[in-house]
Amino acid sequence: MDEKLQKVLARAGQGSRREMENRIREGRVMVNGEVATLGDRVSVSDNITLDGYPITTTEAGENRRVIIYNKPEGEVCTRKDPEGRTTVFEKLPKLRGERWIAVGRLDINTSGLLLFTTDGELANRLMHPSTEIDREYLVRVMGEVTDEHLENLKKGIQLEDGPAKFTDIVDGGGEGINRWFYVCLMEGRNREVRRLWESQGLKVNRLKRVRFGPVFLPSKAKVGRWVEMEEQEVNALCDMVDLQVATVKPKTQQQKLDIKRNKNKATAGGARRSNKGFDWQSSDKPEFKPKKPGKRSFR
């Protein structure tokens with residue numbers, strides 16, 4: 001089936017559709033030996049190159065991969081950092097002919113759940129505001145939190161880039177000057193969680209994302225490690241954003257061995273534990289562990 005060239009390139013993990021449109025306008029994409037133009041339609045049988053490098057194309061939903069990464073504090077969400085800091089991409093499994101695309105970002109001082117996919121279309125839909133996917137964070141707040149503060153944060157606050165609010169706040173416990181909360185919001189604007197609390201004269205000194213939509217941070221994904229989602233789980237994620245899902249085919253014995261090998265790499269050497277950050281799910285930490293929320297009213 002013929003599809004727009006920029007859509008096929010985005011699905012191949014080369015970047016967003018907008019980025020691919022720019023590459024096409026710049027004459028950097030060739031189809032079957034000819035310079036491509038915006039509006040061209042291609043199929044998986046066409047020979048496509050970007051900057052002279054061949055692009056591996058697939059049918060919609062084919063070979064789509066998603067991994068969950070537990071980001072430690074101190075890592076930045078860029079491919080290359082001019083200051084030489086560690087990036088979240090350095091510990092991800094290597095790919096050939098594709099690249100990992102981050103679904104959103106976390107700032108350098110925020111840890112927790114990050115999704116990566118090889119499918120640019122899936123990444124775009126998960127990040128688009130129209131999908132209204134909620135994010136849940138575990139946050140430690142320093143200062144005296146009153147009922148009035150919590151009510152204000154749920155009603156809405158006018159920030160410099162527009163109104164914002166938490167759709168729900170659940171007490172996570174704590175004593176003294178520091179208290180824990182689980183908070184949920186529908187957007188992912190820059191430092192939005194921190195800025196909301198700061199609007200009430202309170203300071204966030206720990207912040208960790210624990211959920212993105214239906215995807216929770218699994219306990220086996222320790223700090224600085226990644227876990228690959230199963231095909232059925234990926235398809236459920238695609239179905240949520242009305243994206244064509246892949247047909248789950250019976251796996252051959254060799255494919256089963258490859259999957260097992262990749263899982264072993266993720267556990268043993270796919271990513272080593274970082275000295276930075278704090279794993280609130282670890283049982284060997286003496287620091288206070290926040291209680292889990294009870295029945296969630298989150299979407």
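Both backbone and side-chain heavy atoms feed into the values below; hydrogens, waters and symmetry mates do not.
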N70/R225 under side-chain hydrogen bond (donor to acceptor under 3.5 Å, both in side chains): CA gap, chis, key distance, verdict: CA-CA 6 Å; N70 190 349; R225 299 197 178 192; over 6 Å; no
Contact summary for I101 and G120, nearest pair of heavy atoms: CD1-CA, 3.5 Å
Nearest atoms (heavy-atom pairs only) where I48 meets L5: CD1-CD1, 4.0 Å
Residue pair V215, M229: steps toward the side-chain contact (heavy atoms from CB on, under 4.5 Å) verdict: CA-CA 10 Å; V215 182; M229 294 178 64; 4.2 Å; yes
Straight-line distance of L202 CG to L196 CG, nearest 0.5 Å: 11.5 Å
Shortest non-hydrogen separation from D2 to R41 and the atoms involved: O-NH2, 3.1 Å
Could you pull out every donor-acceptor pair under 3.5 Å between side chains of residues 150-160 and any protein atom, sequence neighbours left out?
{"unit_1": "N152", "atom_1": "ND2", "unit_2": "E148", "atom_2": "O", "d": "3.2"}
{"unit_1": "N152", "atom_1": "ND2", "unit_2": "Q200", "atom_2": "OE1", "d": "3.1"}
{"unit_1": "E160", "atom_1": "OE2", "unit_2": "R195", "atom_2": "NH1", "d": "3.2"}

Sequence-distant partners of F212, ring pair (Phe, Tyr, Trp, His ring centres under 6.0 Å), two or more places apart: none
Any W100 side-chain heavy atom under 4.5 Å of T118 side chain: yes
In one Ile/Leu/Val/Met/Phe/Trp/Tyr side-chain cluster, 4.5 Å: L95, I67: yes
With D107, the salt bridge (charged side-chain N to carboxylate O under 4.0 Å, His left out) member among R209, R194, K208, K71: R194
Minimum-distance pair of heavy atoms, taken over all atoms of E3 and V8: CB-CG2, 3.9 Å
Pairing residues for T49 by the side chain to side chain contact (heavy atoms under 4.5 Å, CB included) criterion, not counting sequence neighbours: M30, N47
Donor-acceptor pair, side chain of T117 and main chain of R65, under 3.5 angstrom: yes
Separation of Q14 CD from I55 CD1 (nearest 0.5 Å): 3.5 Å
CG (D161) with more than 12 external heavy atoms under 6.0 Å: yes
Residue list, side chain to side chain contact (heavy atoms under 4.5 Å, CB included) with R18, at least two apart or on another chain: S16, N22
Residue pair S111, V223: steps toward the side-chain contact (heavy atoms from CB on, under 4.5 Å) verdict: CA-CA 8 Å; S111 63; V223 174; over 6 Å; no
Test item: F216 and I68 side chains (from C-beta on) under 4.5 Å apart, heavy atoms: no
Side-chain (E34) to main-chain (V31) donor-acceptor, under 3.5 angstrom: no
Separation between CG of N235 and CG of L243, rounded to the nearest 0.5 Å: 9.5 Å
With L38 via side chain to side chain contact (heavy atoms under 4.5 Å, CB included) - residues at least two apart: Q6, E21, I24, R25
Distance in Å, M240 CE paired with T131 OG1, rounded so as to fall on 0.5 Å steps: 7.0 Å
Within one Ile-Leu-Val-Met-Phe-Trp-Tyr cluster: V29 and V35, side-chain cutoff 4.5 Å: no
Stepwise side-chain contact (heavy atoms from CB on, under 4.5 Å) check, V204 with E198: CA-CA 8 Å; V204 172; E198 288 168 1; over 6 Å; no
Electrostatic pair R17:E121 at N-O distance under 4.0 angstrom: yes
Linked, directly or transitively: V234 and M127 (ILVMFWY side chains, under 4.5 Å): yes
Hydrophobic cluster membership, L106 vs W226, 4.5 Å side-chain cutoff: yes
Atom of R211, atom of C184 and distance for their closest heavy-atom approach: NH2-SG, 3.8 Å
Y137 reachable from M142 in the ILVMFWY side-chain graph, under 4.5 Å edges: no
Side-chain donor/acceptor of E75 to backbone N/O of P72, under 3.5 Å: no
By ring pair (Phe, Tyr, Trp, His ring centres under 6.0 Å) - contacts of F181 (at least two apart): W197
Interatomic distance, R28 atom CZ to R23 atom CZ [nearest 0.5 angstrom]: 4.5 Å
Nearest-0.5 Å distance, CD of residue E228 to CG of residue L92: 11.0 Å
Test item: side-chain donor near acceptor, R85 and T78, under 3.5 Å: no
Considering all heavy atoms, the nearest R125-D242 contact: NH1-O, 2.5 Å
E144 atom CD, neighbour heavy-atom count above 12 within 6.0 Å: no
